[in-house]
Structures are given as C-alpha cells and as structure tokens.
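Residue numbers begin at 1 in each chain, while the letters A, B, ... track the order of the sequences.
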There are 2 protein chains.
Amino acid sequence: MSSLPVLEPVVDTTCCPPAAPALGAAEAQSTAAVFKALADPNRLRLLSIVKAAESGESCVCDLTQPLDLGQPTVSHHLKILVDAGLLHREKRGTWAYYSLVPGALERIGELLESL
Amino acid sequence: MSSLPVLEPVVDTTCCPPAAPALGAAEAQSTAAVFKALADPNRLRLLSIVKAAESGESCVCDLTQPLDLGQPTVSHHLKILVDAGLLHREKRGTWAYYSLVPGALERIGELLESL
DNA sequence: CCACTATATTGATGAATGTCAATGTTGCGG
DNA sequence: CCGCAACATTGACATTCATCAATATAGTGG
C-alpha cells in the first residue's frame with residue numbers, strides 16, 4: 001500500500017447542507033416492522049376489539065365473526081400482532097386469550113417523536 | 001309481507017360476551033392507510049431527514065444519496081408520504097422542497113388512542 | 001430555440017402479503 | 001382410548017409493493 005488514492009472531498013453544496021445523519025438504516029427497519037403490523041385494517045380492528053373487551057382479553061372465537069374472516073386468517077393476524085409486541089397470548093384450556101400488552105400503544109407514539 | 005321469519009336469537013354464550021362494536025371497517029381502512037405509509041424503513045428515514053433539516057425542508061437531491069436509492073424511487077416514496085398527509089410539497093424553480101405537515105405526527109398518536 | 005438540470009411518470013420484475021382450504025396439534029369429556 | 005372442539009400451521013394463489021431503467025415534463029441559462 002504505497003500510493004494512497006487522492007480522493008477529492010467532493011464538496012458541492014449545490015442545494016442545501018447535508019443536515020444530520022438522522023435515523024439509521026437498522027433502526028428504521030425495526031421501527032417499520034411495528035408499523036407494518038398496524039398497516040392492515042383487520043389487524044387494527046382486532047386491536048380495537050381486544051382493547052374494548054370488558055375483561056381485557058378475547059379468545060379467537062370472539063374475533064372471527066365480527067371480522068368476517070376465516071379462523072386461520074385471524075390466527076395469522078394475531079400472530080403478527082404478538083410478534084410485533086402489541087398483543088399478549090395466554091392459553092387456558094382449549095382457548096387462547098389475547099390481551100393488549102400494557103404501554104405498547106403508548107410506546108408507538110414515542111417512536112414517532114424519536115424520528 | 002305477511003309472515004315474518006322466525007329468526008332465533010342464537011344466544012350461545014360459549015366463550016365470552018361479544019363486547020362493543022369497536023372500530024368500523026371503513027374507519028379501519030383509512031387508519032391503516034396512514035400506517036401503510038409509515039411501514040417502510042426508507043420512508044421513515046425520509047421523514048427523519050426532512051424533520052432534522054435546519055430549514056425544515058429538503059429537496060429530492062438531498063434525499064437520494066443518504067438512502068442509497070434511485071431518484072425515481074425516492075420520488076415515489078415522497079409521493080406516498082404526501083398522499084398520506086405527512087409531507088408537504090412545494091416547488092420553487094427546478095427544485096421540489098418537502099417539509100413535515102405541522103401536527104401530522106402528533107395526529108397519528110391520537111389515531112392509536114382512538115382504537 | 002437549445003442544451004442541461006431537477007423531478008415526475010411509466011412499465012416491468014421480483015419479493016412480500018392477505019386470504020383460504022386442508023391438515024396438524026392440543027386439551028377436554030365420555 | 002376415542003371423538004370433538006379450539007386453535008395453529010402449511011401450501012397455494014392472487015394481489016400489492018418496492019425497486020429500477022427508460023422516458024417524459026418543467027424550469028433555467030445561454
């Protein structure tokens with residue numbers, strides 16, 4: 001390594017200053033994953049129903065009918081919401097009960113402010 | 001209309017009470033549209049860069065390089081953000097300047113609370 | 001009027017996604 | 001042990017989406 005390449009700084013401020021580095025690529029990907037979970041109307045309705053339940057939890061059988069979707073599809077959406085950290089799953093007997101993860105929705109608001 | 005059909009109430013409370021109607025289908029769709037716009041890492045970075053700009057606005061030429069994307073792709077993402085009501089577009093001369101719509105991010109937090 | 005620059009639009013392509021039918025798994029009652 | 005009910009998983013299919021190359025549009029300067 002005898003000759004270092006002469007890299008010119010390339011300082012063409014043609015338009016505006018480059019500004020701060022802002023959001024990193026990896027950070028953006030994990031944040032986008034949360035919004036991907038919210039980017040479906042049926043998943044939003046699932047969250048809404050679970051949130052509105054008196055006991056704070058709902059089983060799959062209560063979620064299938066109001067959404068007019070097949071049971072496998074509802075289970076699929078619920079899994080996405082659980083993986084995103086928005087819902088909690090607890091199996092009691094034959095039933096699976098889903099409930100909102102406390103503070104999960106509030107944390108999304110903070111994600112937006114930290115952009 | 002002489003004979004009203006005798007529809008049985010079908011009251012099988014096998015699991016839990018049906019709970020409140022919660023979020024409507026149409027409402028869920030428009031809300032999901034906003035989150036769809038946020039469900040991409042490159043669009044989140046665009047929002048972040050625009051937000052971090054000193055002047056409060058950025059032109060496309062400043063957004064292409066840090067994202068390592070082609071110019072048509074960046075324009076495409078910006079259009080999606082504008083259509084979602086998150087960015088404002090103003091063309092001055094040859095350049096197009098994008099800026100955050102005031103209060104747009106805050107309004108998303110309210111969307112989550114109204115689930 | 002003619003290049004040149006910045007941005008938008010179009011068309012194509014591969015990847016991701018939502019949905020369902022069919023099947024697998026688990027827990028309960030007889 | 002057997003059958004049933006609730007839920008999850010798999011595979012297939014159609015749709016949507018992110019990206020790029022090529023082209024179109026609009027504004028600027030000569």
Okay, side chain of A/S48, backbone of B/L115: is any donor-acceptor separation there less than 3.5 Å? yes
Examine A/I80 and A/I108 and state if one hydrophobic cluster contains both, with Ile, Leu, Val, Met, Phe, Trp and Tyr joined whenever side-chain heavy atoms are less than 4.5 Å apart. no
Is the phosphate of D/dA8 approached by A/Y98 (side-chain N or O, under 4.0 Å from OP1 or OP2)? yes
Report, as yes or no, whether the 6.0 Å neighbourhood of atom CD on A/Q65 holds more than 12 heavy atoms from other residues, nucleotides or ligands. no
How does protein contact run along nucleotides 17-30 of chain C, one letter per nucleotide 5' to 3', with B for base contact, S for sugar-phosphate only, - for none, heavy atoms under 4.0 Å? SSBBBB----SS--
Quick one: is the NZ or CZ of A/R89 closer than 6.0 Å to the six-membered ring centre of A/Y97, and within 45° of its axis? no
Residue of the set B/L44, B/D40, B/V34 for which side-chain contact (heavy atoms from CB on, under 4.5 Å) holds with A/F35: B/L44
Might you work through the side-chain contact (heavy atoms from CB on, under 4.5 Å) test for B/L38 and A/L38, ending with a clear yes or no? CA-CA 9 Å; B/L38 295 168; A/L38 295 168; over 6 Å; no
Atom NZ of B/K79 to atom P of D/dT25: distance rounded to whole Å? 16 Å
Nucleic acid contacts - residues 82-90 of chain A versus DNA chain C, non-hydrogen atoms under 4.0 Å: none
Counting only heavy atoms not in A/Q29 (residues, nucleotides, ligands), do more than 12 fall under 6.0 Å from its CD? no
Expressed as a whole number of angstroms, how long is the span from A/Y97:OH to D/dA8:P? 13 Å
Nearest whole angstrom, please: distance from the P of C/dT7 to the CG of B/L67. 15 Å
Does B/K51 come within less than 4.0 Å of B/E57, counting only side-chain N to carboxylate O? no
For the residue pair A/L81 and A/A37, what are the closest heavy atoms and their distance? CD2-O, 3.8 Å
Quick one: B/W95 CH2 to C/dA8 C1', roughly how many Å, whole number? 17 Å
Heavy-atom donor-acceptor pair, B/T64 side chain to B/C61 backbone, under 3.5 Å: no
Are any protein N/O atoms closer than 3.5 Å to N/O atoms in nucleotides 12-15 of chain C? If there are, list each pair with its distance.
none

Okay, side chain of A/T31, backbone of A/A28: is any donor-acceptor separation there less than 3.5 Å? no
